[in-house]
Amino acid sequence: MVSGKGGTGKTTVAAALALALAREGRRTLLVEVEGRQGIAQLFGAEALPYEERKIAVAPAGGGEVYALAIDAERALLDYLQMFYKLGSAGRALKKLGAIDFATTIAPGLRDVLLTGKACEAVRRKDKAGRYVYDHVIMDAPPTGRITRFLNVNDEVAGLARFGPIHNQAQAVMKVLKSPETAVHLVTLLEEMPVQETADGIAELQAAGLPVGRVVVNMVRPHHLDEEALGSAAGERRADVAKALSRAGLGGSRRGGLAERLVDPLLAQAAEHTGRVKLEREQRSVLEGLDVPTYELPLLGTGMDLAGLYELATELRKQAVDE
Amino acid sequence: MSGPETSEKLVGDEMGLDTPPVLAVDTLLDDPKTRIIVCCGSGGVGKTTTAAALGVRAAERGRKVVVLTIDPARRLAQSMGIASLGNTPSKVAGVSGHGGELHAMMLDMKRTFDEIVEAHAEGERARAILANPFYQSLSAGFAGTQEYMAMEKLGQLRARDDWDLIVVDTPPSRSALDFLDAPKRLGSFLDGKFIRVLMAPAKVGGRAGMKFLNVGMSLMTGTLSKLMGASLLRDVQTFVAAMDTMFGGFRTRADATFRLLQAPGTAFLVVAAPEPDALREAAYFVERLAAERMPLAGLVLNRVHGSDARQLSAERALAAAENLEDAGIVDQESGKAGLRDSDADTGTTDTGTPDTGTTDTGSPGADMSDADVDEITVGLLRLHAERMQVIAREQRTRDRFTSLHPEVAVAEVAALPGDVHDLAGLRAIGERLATGVPAGA
Ligand SMILES: Nc1ncnc2c1ncn2[C@@H]1O[C@H](COP(=O)(O)OP(=O)(O)OP(=O)(O)O)[C@@H](O)[C@H]1O
Ligand SMILES: Nc1ncnc2c1ncn2[C@@H]1O[C@H](COP(=O)(O)OP(=O)(O)O)[C@@H](O)[C@H]1O
Ligand SMILES: [Mg+2]
Ligand SMILES: [Mg+2]
């Protein structure tokens, strides 16, 4: 499960994780549940149907990535079909808005359908009795909703105390609480996402759900050591101007290009230092959470398949380094 | 892209002729006819920050303002004194000037829903609704409840007529359009066909009423009860019956607030970061507002990067950094090559040649401290190159938006180095919003 505050890179990290596993030769299913076609967009593919599709084959390693966009309505109809052979009654229910009703009025019901479909993929075996997928990775709802989403048992308990929905919820819960599941949380080194991550971890743990890792995403490179910068800002101003001049940027005397560049460059550096300091504060908050982390760099050129592979390589490197 | 109109715009774009009009924020804030400002946009772009900053600025310019925030960052909420949920506005200390006042509140979605129930049902029935598991699930988690309740709260604040300006933040939904769509969705859902089907048996007296239903209906209810379990179905029916009288009300209220948003005293500000996703959402929203005849005041472009050393291009900065890295030996050739792609600035006040006659020029015997300075300078140059690349990327993204919507006025807000979590930070944002202090200044 990959969760995190909105916009921190859940979809991206989930996809990179799937590619990383494919490179190890594994077959992975990447699922999304919010009907946004984020995976298709990321891979530059057509909108995913409600059907498992191969979207990538690792150039090395031989593993594959399949993708599926789970839709609660379809999952409910499938479910009805499977257990009750409803046929046209299912269509009638749909026409009346019953399916819409059932999947919206009770978010718990909707969630049990979504997680249920993912768990079905986790447990599915081929004719030889081997698991069809080595891993199932879900681009899950954001941190604020993840615990409710996964804690379907509790959510549905108040609504359905027995019956098929109740049973389904119990089966799902067993998979989700097992050591085979991990909930990873993606964050940035900024106050709000880090705060949400801390809250999310506490909630997951309180619900007995397995917290995996914190993935710190979009980490910026640091070019300057801050102490050196401190001295540059002070008495070395003139020396910096000379260095700029030596580098081919005009005169360092008053009015020269190098001299005029010093102040703005130092101001930018001071700003950078401020941000580095804030990032360090957020990093120490994350350390205090006592959850292992991965770090992924900010890619300067926007996200494409090459970028995803770069992140995948980074994830593998960090997994091996442990 | 196709069609003559598009290609014409593309030409303008290429020639860099498209500069959008500047959004006059103070004029908007000062105009007594401006009664409601709605800040919308996709998640994380700075809606809450912008709403709060506008509130502070308007109050300090003399207006009596209330800001309705949704999910503010914790420290920001604390500094405005609204961290504890009250679901009613309270006065923000430390904001004054020209007789203005700032009140602020944080939306409590569940509380707002409960209040509607309490206002529309008498004691016993209200209690039954509030205790129903379906109500609890709906009020806490229905996708769109937050948007609906934000609208509801806006309607309430407007009805009180205690403020001359209401600034509304919108929920952190993935899409800016959710704010407009969700209330209708919830309204039509609560008014829907299926609910009426469910309600029929409950209305005529619970389970006994089943026999009055036609065969098709009982088949349906039978299927449902098989699926959901009889007790679950009963809960739903009780809930639906208890809410019965309120359904029409929900729809009517949502419609009324929707009309309020179309009124001339309302101004929408679309907030976006200069990033492709956020600006794509902003473009959708601009088009949607036009279709709904809702008044758009302009685009707030938040977290824009700037530089006071724009005359130094990224390429040239990187070339200079490489020069220094070559063991302190100035490579005159590549140094000059770096200058070639530079702007007019070089030729005028500057000779373009390095200092001569000083001991530090290209001297192989440069001491340790010179090496340190070089290292720092290399860092400064690389940092600048990166900044220039960010600026160029942001500019391309903005140009794309402007070529689609050249008529939309824009206010730029620089990315501040830290978070915005106190009144001073909000004032700084407000100042930038109003005066367009260029990014980097
Ligand atoms: N390491 C990275 N370097 C550069 N850009 C990144 C990185 N990770 C993510 N992004 C970009 O950040 C944006 C948000 O990422 P993504 O869509 O994966 O986030 P999300 O958490 O799934 O968002 P949402 O909450 O909207 O589903 C995208 O434009 C993506 O390309
Ligand atoms: N111009 C800015 N410079 C620096 N930080 C900003 C700026 N605008 C917003 N922020 C920060 O970005 C984060 C998200 O802002 P917020 O207003 O809560 O976004 P939204 O309401 O759109 O989700 C906050 O931590 C806020 O302090
Ligand atoms: Mg996503
Ligand atoms: Mg917000």
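Chain A is the first sequence line, chain B the second, and so forth, proteins listed ahead of strands; every chain is numbered from 1. Quick caveat: nothing in here was measured; it's all calculated off a predicted structure.
Neither the backbone nor the side chain of B/Asp277 comes within contact range of chain A, judged by heavy atoms closer than 4.5 Å. At a 4.5 Å heavy-atom cutoff, the contact between A/Leu265 and chain B is made by backbone and side-chain atoms alike. Interface remark: A/Leu261 contributes side-chain atoms only to the contact with chain B (heavy atom separation under 4.5 Å). A/Gln268 touches chain B through backbone and side chain together, each having a heavy atom under 4.5 Å away.
Two residues are said to be in side-chain contact when any heavy atoms from C-beta on lie closer than 4.5 Å; B/Val378 and B/Leu324 meet this criterion.
Top candidate by heavy-atom pairs under 4.5 Å with chain B, chosen from A/Gln195, A/Arg275, A/Glu190, is A/Gln195. With chain B as the partner, the residue from A/Glu191, A/Glu196, A/Met192 showing the most heavy-atom pairs under 4.5 Å is A/Glu191. If you tally non-hydrogen atom pairs under 4.5 Å between each of B/Gln389, B/Arg393, B/Glu275 and chain A, the highest count goes to B/Arg393. Annotation: maximal heavy-atom pairing with chain A below 4.5 Å, among B/Ala73, B/Pro276, B/Ala317, occurs at B/Ala73.
To the nearest 0.5 Å, atoms CZ (B/Arg387) and CG (B/Leu312) are separated by 13.0 Å.
At distances below 3.5 Å, at least one donor-acceptor pair connects side-chain atoms of A/Thr143 with backbone N or O atoms of A/Lys5. Judged by distance alone, the side chain of B/His384 and the main-chain N or O of B/Ala309 form a donor-acceptor pair under 3.5 Å.
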Step-by-step salt bridge (charged side-chain N to carboxylate O under 4.0 Å, His left out) determination, A/Arg236 to B/Asp372:
CA-CA 10 Å; A/Arg236 310 301 299 269; B/Asp372 284 352; 5.5 Å; no
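Neither side chain, A/Glu32 nor A/Thr11, offers a donor N or O lying under 3.5 Å from an acceptor on the other.
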